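The next block holds one structure in the form of structure tokens; read it before the comments.
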Amino acid sequence: MPRYMAIAVVLSLVGVAVVVKAAYTMTADKNYWIEVQKNQVNLADSIKKPNRGNVLSCDGQLLAGSIPEYEIFIDFRAGLQKLENGTFYEDTAWVHKRDTLWYEKLDSLCDGLHAIFPQKSAEEFKEDLSKGHEKRARYWRVWRGKIDYATYSQVKKLPFFNLPRHKGGLCGDEFPARRHPFGSLAERTIGSRDTARYGVELAYDSLLRGQYGIAHKQKIRNKVVSIVETPPTDGADVVTTLDVGMQDLAEKALLDELQQRDALMGVAIVMEVQTGDVKAIVNMEKSADGQYRERLNNALGYRCEPGSVFKTASMLVALDDGVIDTSYVINTGSGIMRMHGANMKDHNWHRGGYGSINAARAMEVSSNIGVSFIIDHFYGSNPTKYVEGLHRVGIGEDLKIPLNEYRAPNIRYPDTKTTNRGLYWSKTTLPWMSIGYETQIAPINTLAFYNAIANDGRLVQPRFVKQVVKDGKVVEDLPPVVLKEQIAKPSTIKTMQTILRHVVSQGLGKRAGSTAFQVAGKTGTAQVSDNVYNYHTGLRCHWLSFCGYFPADKPRYSCIVCVKTTKGPASGGLVSGTVFHNIAEGVMAKNVRMVAQNARDEHSVFVPNVKNGDMQAADYVLDQLDINTTGNWITGNTTSGPVWGQAELQEKGVKLDKMAAEADVMPNVTGMGARDAVFMLEKMGVKVQLHGLGGVKSQSIPAGVKLHSGMSCTLQLG
């Protein structure tokens, strides 16, 4: 027991000592150990982030790229000196000098910040910065939000902030930011600006983001250095098929029509026939504030009943199966036909209908009765054959587009056993499906089908990315993908191409046509249903479309335009056909190559008017143009200043007055370029201040005023 008691006493004393030492460390030695903790170096591995690759247009223009942005802070404790033992002390002399300079420059600093960030007044900047100065804060935010490098450079030039970082205390944390130089152009297809959430940015994220590197810190001779173990690999650039010019053209054409019609939504896609390259894709949707923005990629994912553009697929199935030819006659009567207990109507039923017409004419005038009668008559006993035919001709093909918003077509097979009313196959399903109802297809699938017709039956996958480039070299080519070599017999395709040309030349698609080249295509009008607009509420919403290709004789581009609207007139040919026409003519005009010499007027004078200013520079330009500049100088009386005499110009002899006014009189520099005006006035001893951009709009000293030494003139540019 004495030994046990001794051991217990010793352990108790050790425990008391530990508690006392811990209490001492937490109180008396607290500040010392806090400083030691701050100086501890984490030697763990760190991750080196790579630079994200760029998204480029088909001709190499930047669509999305990473640029640095900055959050700016000020360290009000700048000037602390580090001792050899790792502790810090404050340089009292410098701190006093810094504070004196701070109070001297504070007002001008805040005025400068207000000029850069007008959203915040100079008084607000002063109050905010003064609080940070009083607290001696280490990281006091100068501006809440990220700024670009140009703005950061302006901030660094302001008083006090222009001191070195270890004295002035201004610091900026760099963050990579994704930016689109062309703004919202094709934004939903390119991808989001913050993270890879959709579009090309998400689909090709593994290529764009690159590979992270690894580095670790190592202490060498009392210094800690970062040693890169595995360097980061920057992401590759992705070259898309988008054409900036076509994209801008399609967006403007669609937006004009949407605003004019006050429509709810609009879609436009332009695709290259041979390759399937998507040259333009526009998705406009009306927001709550009345503005149109790209909110969803409806061109790829908005599945709805396509309407009469679907009739082409129905007719192609019937022609390819050989159950009819273009001369097959249908009696449409007065425009209303009873089909399985429901009325099938043509658009002109109130005007008496079309009577007896053949199959080709039924397509030209988009007769609902004509197409639905053919399909119901020849496939009514075996609707599965018709649906299989739709998949065979490609309208129901899953295009397997890599973008995440794509939705495959929903074309159902006959099923009368289901309890789901939306999937139940009734006797009216087949005739109404044949004219574009009771099925859901996204615009991109309809376009791919029409593109196959233009491509002589070859169905290609719509392509959004064609190359992957790294360090200026192509590392991967993504060739066009052929989904079906032939969607129908060549003779059937030729027949359908003729029908689609006639739809535009002598049918309901005339608005889409052009006098400069042939257009082929088909109109479409469907009443669609959503949460608000449906058959039961009585509120109607129409999906108006036109899909086709141009030039019809040698197809280069296919295009689809869809507009969702509640306003009349509900005509795909009138609304979407007009947009198609504007896009087609604009695209073809881009491909016209004019010879400049053909536009030359042989009676024109090809010698420029030269304004007064820096005559040495003017002489150099004229000499490069091989224009004779010898002779006397004259003065032309124009609002833009002196010009070269026209008579002498016609003889290619340029004459000018050496000065617009006497050497001691203020000349008239209005209308001159800023560089020439400054050259002239400073040569005469006048100090010049410029405001604005452009040419000289006004001058503070009127022309003709006597000049004297030290005069200052302010030039307003505009």
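Nothing fancy with the numbering, it's 1 onward along the sequence. It should be emphasised that the depicted structure is a prediction, and the values quoted were computed from it without experimental measurement.
Without hydrogens or angle criteria, His114 side chain to Lys120 main chain gives a donor-acceptor distance under 3.5 Å. Not a single donor-acceptor pair under 3.5 Å links the side chain of Glu134 to the backbone N or O of Lys131. A donor-acceptor pair is defined here as one N or O able to donate and one able to accept, closer than 3.5 Å; such a pair exists between the side chain of Asp289 and the backbone of Gln291. A donor-acceptor contact shorter than 3.5 Å is absent between the side chain of Gln467 and the backbone of Val469. Judged purely by atom type and a 3.5 angstrom limit, Ser108 uses its side chain to pair as donor or acceptor with the backbone of Lys105. No donor-acceptor distance shorter than 3.5 angstrom exists from the side chain of Thr241 to the backbone of Asp277, with no hydrogens or angles considered. Remark: the backbone N or O of Ser700 is not paired with any side-chain donor or acceptor of Thr714 at under 3.5 angstrom. The closest donor-acceptor contact from the side chain of Asn54 to the backbone of Asp237 lies at 3.5 Å or more, if one exists at all. When atom types are taken as modelled, the side chain of Gln716 and the backbone of Lys697 share no donor-acceptor pair closer than 3.5 angstrom. Without hydrogens or angle criteria, Gln699 side chain to Pro667 main chain gives a donor-acceptor distance under 3.5 Å.
Classified by interplanar angle (parallel below 30°, tilted 30° to 60°, perpendicular above 60°), the ring pair Tyr103/His133 is perpendicular.
Using a 4.0 Å cut-off between a side-chain N of Lys or Arg and a carboxylate O of Asp or Glu, Lys470 and Asp234 do not qualify as a salt bridge. The pair Arg141-Glu71 counts as a salt bridge, with a side-chain nitrogen and a carboxylate oxygen less than 4.0 angstrom apart. Under the 4.0 Å criterion applied to side-chain N and carboxylate O atoms, Asp148 and Arg179 are not assigned as salt-bridge partners. The pair Asp256-Lys252 does not meet the salt-bridge criterion, since no charged nitrogen lies less than 4.0 angstrom from a carboxylate oxygen.
For the pair Lys286 and Ala263, the tightest heavy-atom approach, listed with the atom from each and the gap, is CD-O, 3.7 Å.
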Would you please test Glu201 and Arg52 for side chain to side chain contact (heavy atoms under 4.5 Å, CB included) and show each step?
CA-CA 10 Å; Glu201 292 273 17; Arg52 190 172 179 84; 3.1 Å; yes
Evaluate side chain to side chain contact (heavy atoms under 4.5 Å, CB included) for Ile281 paired with Gln247, printing each intermediate quantity in order.
CA-CA 7 Å; Ile281 178 169; Gln247 180 70 34; 4.3 Å; yes
Test side chain to side chain contact (heavy atoms under 4.5 Å, CB included) on Glu285 and Tyr292 and set out the steps.
CA-CA 5 Å; Glu285 196 169 351; Tyr292 290 93; over 6 Å; no
Side chain to side chain contact (heavy atoms under 4.5 Å, CB included), that's the test. Do Tyr212 and Thr233 meet it? Break it down for me.
CA-CA 7 Å; Tyr212 286 85; Thr233 303; over 6 Å; no
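The shortest side-chain heavy-atom distance between Lys126 and Leu106 falls under the 4.5 Å cut-off. The shortest distance between side-chain heavy atoms of Tyr198 and Asn297 does not fall below 4.5 Å. Contact annotation: the side chain of Asn162 never approaches that of Lys157 to less than 4.5 Å [non-hydrogen atoms, C-beta and beyond]. At least one side-chain heavy atom of Leu208 sits less than 4.5 Å from a side-chain heavy atom of Arg178.
For Asn298 and Asn283, the side-chain atoms include no donor-acceptor pair closer than 3.5 Å. If you check the side chains of Gln61 and Asp59, you find a donor sitting under 3.5 Å from an acceptor.
More than 12 non-hydrogen atoms from other residues, nucleotides or ligands lie less than 6.0 angstrom from CD of Glu682. More than 12 heavy atoms of other residues, nucleotides or ligands lie within 6.0 Å of CD in Glu174, so this atom counts as buried by the packing criterion.
Proximity of the aromatic rings of Phe160 and Trp102 is defined here by a centroid distance below 6.0 angstrom, and this criterion is met.
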